[in-house]
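Each chain gets a letter, A, B and so on, in the order its sequence line appears, and its residues count up from 1.
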There are 2 protein chains.
Amino acid sequence: MVSLKDIASKCNVSVATVSKALNDHSDIGAETKARIRRTARELGYVPNAAAKSMKTNRTHNLGVLFMDDANSGLQHDFFASVLESFKKEVEREGYDITFISNDRTRPGRTSYLTHARYRRFDGVIIANVHFDDPEVVELVKSDIPVVTIDHIYNDTTTILSDNVDGMKTLVDFVVANGHKDIAYIHGADSSVTRTRLVTFNKQLEEHGITVPDEYIQESPYRDTHGAYEKTLELLDLPNRPTCIFYPDDYAAYGGMRAVMEKGLKVPDDVSVVGFDGIKVARHIRPRLTTYRQDADGLGTQAAKNLIDLIERPKTTLIKQIVVKGKLLEGDTLKKLN
Amino acid sequence: MVSLKDIASKCNVSVATVSKALNDHSDIGAETKARIRRTARELGYVPNAAAKSMKTNRTHNLGVLFMDDANSGLQHDFFASVLESFKKEVEREGYDITFISNDRTRPGRTSYLTHARYRRFDGVIIANVHFDDPEVVELVKSDIPVVTIDHIYNDTTTILSDNVDGMKTLVDFVVANGHKDIAYIHGADSSVTRTRLVTFNKQLEEHGITVPDEYIQESPYRDTHGAYEKTLELLDLPNRPTCIFYPDDYAAYGGMRAVMEKGLKVPDDVSVVGFDGIKVARHIRPRLTTYRQDADGLGTQAAKNLIDLIERPKTTLIKQIVVKGKLLEGDTLKKLN
DNA sequence: AAAACCTACGCAAACGTTTAAGCTAATAAG
DNA sequence: CTTATTAGCTTAAACGTTTGCGTAGGTTTT
C-alpha cells in the first residue's frame with residue numbers, strides 16, 4: 001500500500017507537505033500541490049481510514065443496532081426500508097455504516113457499547129431493539145451520539161412514526177365507511193403499541209362507538225400464525241366484528257387466511273386493516289387497506305439528525321421528530337353505507 | 001478514552017507489558033497479568049480497532065457490495081436473507097460488516113476498490129451487482145479476498161444458487177402434474193437467466209415437449225408490472241398456456257393479478273410458478289408454488305469461504321459452491337391428471 | 001535600509017497499538 | 001562456583017496520518 005511517505009520521497013518534500021497538499025491546506029504552493037496530487041494519483045494512493053481516525057478522532061463510520069423479537073433482522077421490511085434510506089443519506093455525507101453485532105449468545109462477545117467504542121463509531125442509530133435492555137440503555141446513556149427510531153428516551157433524539165395520526169386516520173376511515181363493530185388485535189406491549197391502542201379507543205369514543213372487551217386481543221408483531229388464531233376466536237364471537245385491525249401487515253395476512261378458512265370473504269363478510277404498508281403488499285390482490293409508515297422519511301430524518309448531532313454538537317438540539325405516514329386504500333375494507 | 005498507557009502507568013509497568021498481558025502472551029508473569037487485566041476492567045478499557053489494525057494489517061471488517069437493477073437495496077428479500085445469514089456467520093468469527101457505498105451519482109465518490117482499500121476491508125462479498133461493471137471487475141481482480149454470489153469469475157470463489165436443479169425440479173414437477181403448454185417469462189439477460197432458460201428448454205425437451213416461441217417472454221426481475229403485461233399477452237394467445245413460469249415470486253404476483261383481471265382463476269384456469277421463495281409468500285393465500293433458494297445456505301457458505309480465504313490463504317482453494325434449494329408446493333399449480 | 005510581514009515549506013510530536021530484540025535477575029546445569 | 005538457561009519485563013521502532021510551531025527567504029511597508 002502506498003502511503004504519504006512514498007509520495008513524499010518521490011516528490012522530494014516532507015510527509016507533512018504531502019498531507020497538507022492533499023488536504024488542500026492554504027500554506028502549500030500551487031505548483032507543489034499540483035505535483036503532489038499528480039504523483040498521488042499516479043501511485044494509486046488511497047488514504048488509510050484507520051490512521052486518519054487516530055489523529056482526528058473521527059471514523060466517519062456509524063453503528064447500526066437492530067434486533068426484533070422475531071429475529072427477522074434484515075428481513076424486516078420496515079426496518080430494511082428505514083435502513084436503506086438512512087444508508088443512502090449518510091453515504092451522501094461521506095459516512096459508512098457498520099452493524100453492531102447483536103448475537104447475544106456468542107461466547108466472548110462484548111456489549112453493544114463496547115463494540116461501538118471498539119470501532120469508535122461517530123454515532124449510532126438504534127431501531128427495533130428491546131429498548132429497556134440494560135445494554136441498550138447503557139449505549140443510549142453513553143457519550144456517543146445516538147438517534148433512536150420509534151422509542152423515546154430522555155436526552156436522545158428520536159424519530160417517530162406518527163402512530164397517533166396513523167391510528168386516527170384508520171379509525172376515521174373505517175368509521176366513515178359505516179363500520180361500528182371494530183376489533184383490534186394489537187401487538188405485544190411497547191410504547192408504540194400503547195400509543196396505538198390508546199388512540200384506537202379514544203378515536204372510537206370520539207365517534208361515539210364503544211368497543212367490547214373481547215374485541216381487543218393481543219398477538220405479537222409479524223406473527224401470522226398468532227393473528228390467524230386470534231382472528232378465528234374473533235370470528236366465533238356471537239357478535240362478530242365487521243372489521244378487524246391488525247398490528248402489522250403480516251399479521252393481517254394471517255387474519256385474512258383465517259377469514260377465508262372459515263368460508264368467509266374479505267371484505268364482503270369481514271374487513272381487514274393492516275399497519276405498515278410493506279412493499280410487497282402493493283403487488284398482491286386483494287390489496288390490503290393499511291397505513292403506510294414513511295420508512296424513507298424516518299431513515300432520512302434519522303440520518304440528517306445524527307449527522308447534525310455529530311458535526312454540530314453545540315448547535316444541535318435533542319429533538320423528537322414525528323414523521324407522518326399515509327392511508328393506503330386497498331380492497332380489504334367494505335363500504336357499509 | 002482509556003488506553004494501554006493509562007493502564008500501564010496505573011500498574012507501574014510498560015505499555016508493552018500491558019499489551020502482552022491483555023493478549024495473553026506467555027512471557028508475562030501470572031500475577032502481573034491478573035493485575036493488569038483487573039485494572040483494565042476497572043478502568044473500562046476498550047481496545048482501539050484503528051490502532052490495532054495499523055499494526056496488524058487486519059481490520060476484521062468485511063465489505064458488502066450490493067446493488068440490483070431495481071435499486072431495491074436492502075429491500076430485496078433474497079439478498080436480505082443472504083446478507084442476514086452472512087452477517088450472523090461472520091459475527092461468530094469476530095468480523096463486522098460495512099457496506100461499500102454504491103451511490104454512483106455522489107460527487108467526489110470513490111470507486112468500489114478505493115472504498116474497500118480506504119477501509120482496509122479484510123475481504124468483500126459481492127452480490128447482485130452488474131458483474132460486468134468495470135468497477136466491479138477492478139475490485140474482483142484486486143488482491144482483496146472476494147466471494148461472489150451467483151456469478152462466476154475466474155479466480156474468485158463463488159457461491160451459486162443451484163439454478164439448474166431449481167429449473168429442472170420445477171419443470172419435472174409441472175410436467176408430472178400433466179402440463180404440456182408451459183410458458184416462461186424469464187428475467188433480463190444475465191448468467192443466471194441464461195442458465196435457467198437453457199435448463200427450461202432442455203428439460204422440457206427431455207419430456208418430449210416443445211415450446212412455441214411466443215411462450216418465451218422477457219420481463220425484468222422483480223417487476224410486477226412488466227410481468228403483468230407479459231402475462232396479459234400470453235393469456236390472449238389462441239393457444240393459451242396452462243402454466244406460466246416467472247423469473248421470481250414478485251413477478252409471479254404480477255402475473256396472478258393479470259390472470260384475475262382477465263376473469264380467470266389461479267390455478268383452475270392458469271397455473272403460476274415462481275422462483276425464489278420469498279418469506280412473505282408463505283403467509284399469503286393462495287400459496288405460491290415456487291422454488292425456494294437456500295438464501296441462508298448461500299450466506300453461510302459465503303461467510304465461511306471468505307473467512308477461510310482471509311485466514312488461511314495458503315491452504316484455501318478457489319471454489320465454486322453450488323447450494324441447492326427446494327421445491328415449495330403451494331396452491332397455484334393445478335393437477336391436470 | 002531597517003523593520004515588519006508573507007509565503008511555502010520542514011520538524012517533530014502525537015494518536016494507540018504490536019512486536020522483535022535486549023536486558024536483568026533468578027534458577028538450573030555442569 | 002562458574003556458566004548456560006529461563007522467566008519476566010522494558011526499550012524502541014513502527015504502522016500512516018495530522019497539525020502546531022519554527023524558519024528561511026522573499027516582499028512589502030516605513
* Asked: Are D27(B) and K20(B) ion-paired here, with the side-chain N under 4.0 Å from a carboxylate O?
  -> yes

* Asked: Hey, does T17(B) reach any base, or is it just sugar-phosphate, or nothing, if we go heavy atoms under 4.0 Å?
  -> base

* **For atom CG of L4(B) and atom P of dA14(C), their distance in whole Å** => 17 Å

* What integer distance in Å separates D24(A):CG from dT19(D):P? -> 14 Å

* **Euclidean distance, atom NZ of residue K33(B) to atom P of dC9(D) [Å, nearest integer]** => 10 Å

* Determine: side-chain N/O of K55(A) to OP1/OP2 of dA13(C), distance under 4.0 Å, yes or no. => no

* Y95(B) side-chain N/O to A303(B) backbone N/O, donor-acceptor pair under 3.5 Å -> no

* Asked: Separation of H60(B) atom NE2 from dT18(C) atom C1', in whole Å?
  -> 14 Å

* Return the residues of residues 46-53 of chain A meeting this criterion: a heavy atom under 4.0 Å from some atom of DNA chain C. Order them by number, or give none. => none

* Structure fact -> Sequence neighbours excluded, the answer for salt bridge (charged side-chain N to carboxylate O under 4.0 Å, His left out) partners of D155(A) is none

* Asked: Do the side-chain N or O atoms of T56(B) get closer than 4.0 angstrom to the phosphate oxygens (OP1, OP2) of dT18(C)?
  -> no

* Is T32(B) touching bases, backbone alone, or none of the nucleic acid, heavy atoms closer than 4.0 Å? -> sugar-phosphate

* **Toward the 5' end of DNA chain D, by each residue's nearest nucleotide, M54(B) or S26(B)** => S26(B)

* To do: Compare side-chain N and O positions of Y45(B) against OP1 and OP2 of dT17(C) and report whether any pair is under 4.0 Å apart.
  => yes

* Asked: Side chains of D122(B) and P145(B): closer than 4.5 Å at any heavy-atom pair?
  -> no

* Asked: Please give, in whole Å, the distance from dG20(D) C1' to I28(A) CD1?
  -> 14 Å

* **F121(A) and N61(A), any side-chain heavy atoms less than 4.5 Å apart** => yes

* To do: For V13(B) and for D27(A), find the nucleotide of DNA chain D with the closest heavy atom, then tell me which residue's nucleotide is more 5'.
  => V13(B)

* Structure fact -> note: H25(B), atom NE2; dA20(C), atom P; distance rounded to Å ~ 9 Å

* For N23(B), report the nucleic acid contact type (base, sugar-phosphate, nothing); a contact means any heavy atom under 4.0 Å. => sugar-phosphate

* Asked: Taking NZ from K5(A) and P from dT18(D), how many angstroms apart are they, rounded to a whole number?
  -> 15 Å

* Asked: Does E311(A) reach the side chain of R58(A), with side-chain heavy atoms less than 4.5 Å apart?
  -> yes

* To do: Using atom types as modelled and distance alone, determine if a side-chain donor or acceptor of T316(A) lies under 3.5 Å from a backbone N or O of D308(A).
  => yes

* To do: Mind calculating the distance between NZ (K20(A)) and P (dC21(D)) to the nearest angstrom?
  => 12 Å

* Asked: OP1, OP2 of dT11(D) versus side-chain N and O of S14(B): anything below 4.0 Å?
  -> no

